[in-house]
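Let me begin by presenting the structure, written as structure tokens, before commenting on it.
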Amino acid sequence: MGEIVVVYELDNPMPKRSSLGTPAGEQRPVRKLHAAPSAPGEPSATGPRTLCGKDTFAMQPACWKPSEHPGAPWYPAQYASVVCSDCDAVIET
């Protein structure tokens with residue numbers, strides 16, 4: 001397998017908060033953390049699908065690069081609770 005790119009599947013934008021003054025869509029929590037192969041010829045660009053088969057078009061690439069963290073999991077530790085189990089299983093094999 002080539003380079004892995006970590007991508008965030010984000011929740012829908014939060015509704016407008018009139019009393020708090022936070023603009024709509026200001027915060028979008030991470031729903032799932034996925035792994036995707038890099039695009040052919042572009043190791044830092046995300047391929048079209050995650051390892052579990054989801055489209056990466058609307059996902060946001062993470063700054064975390066597994067190749068820069070030898071011995072660590074493929075994902076940032078703070079997102080361990082939202083890691084896609086299907087992507088994780090593909091990487092483990």
Side-chain angles (χ1 to χ4, degrees):
M1 185 180 301
E3 187 76 21
I4 294 295
V5 180
V6 178
V7 290
Y8 301 117
E9 178 183 352
L10 302 175
D11 267 342
N12 293 329
M14 294 179 72
K16 192 175 195 175
R17 297 180 186 174
S18 58
S19 62
L20 297 176
T22 303
E26 187 71 22
Q27 297 178 3
R28 294 181 65 193
V30 175
R31 179 185 305 172
K32 283 282 184 194
L33 190 70
H34 295 276
S38 60
E42 296 184 53
S44 62
T46 306
R49 298 226 172 255
T50 64
L51 296 179
C52 68
K54 289 193 173 208
D55 188 351
T56 61
F57 176 75
M59 294 186 189
Q60 177 181 336
C63 294
W64 177 268
K65 294 182 183 3
S67 61
E68 294 176 358
H69 304 277
W74 62 268
Y75 51 86
Q78 67 266 34
Y79 292 105
S81 65
V82 293
V83 166
C84 171
S85 59
D86 293 334
C87 287
D88 195 38
V90 171
I91 289 178
E92 293 296 320
T93 58

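Excluded from the calculations below are hydrogen atoms, water molecules and symmetry mates; all remaining heavy atoms, backbone and side chain alike, are included. Predicted model only: the values in this text are computed from it and were never measured. Residues take their numbers from the sequence shown, with the count starting at 1.
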Check: If you look at every heavy atom in Leu51 and Pro37, which pair is closest and at what distance?
Finding: CD2-CD, 3.7 Å

Margin query: So Met59 and Thr46, do their side chains get closer than 4.5 Å, heavy atoms only?
Written below: no

Next item on the list: For Ala39, enumerate each residue passing the side-chain contact (heavy atoms from CB on, under 4.5 Å) test, keeping only those at least two apart in sequence or located in another chain.
Entry: Glu42, Ala45

Donor-acceptor pairs under 3.5 angstrom involving side-chain atoms of residues 62-83: please list them, not counting sequence neighbours.
residue, atom, partner, partner atom, Å
Trp64, NE1, Trp74, O, 2.9
Ser67, OG, Glu3, OE2, 2.9
Trp74, NE1, Asp88, OD1, 2.8

Check: In chain order, what residues pass the side-chain contact (heavy atoms from CB on, under 4.5 Å) check against Arg49, with sequence neighbours excluded?
Finding: Asp55

Notebook entry, point to check: Hey, mind stepping through Asp11 and Val30 against side-chain contact (heavy atoms from CB on, under 4.5 Å) and telling me if it holds?
Noted result: CA-CA 6 Å; Asp11 267 342; Val30 175; over 6 Å; no

Margin query: Please say yes or no: joined through hydrophobic side-chain contacts below 4.5 Å, possibly via intermediate residues, are Val6 and Val90 part of one cluster?
Written below: yes

Item checked: Gap separating the CD1 atom of Ile4 from the OG atom of Ser38, nearest 0.5 angstrom -> 7.5 Å

Notebook entry, point to check: How many angstroms lie between NE2 in His34 and SG in Cys84, if you round to the nearest 0.5 Å?
Noted result: 5.0 Å

Next item on the list: May I ask you to test the Thr50-Asp86 pair for a side-chain heavy-atom distance under 4.5 Å?
Entry: no

Next item on the list: Grab the two heavy atoms, one from Ala35 and one from Cys87, that are nearest each other, plus how far apart they are.
Entry: N-SG, 3.5 Å

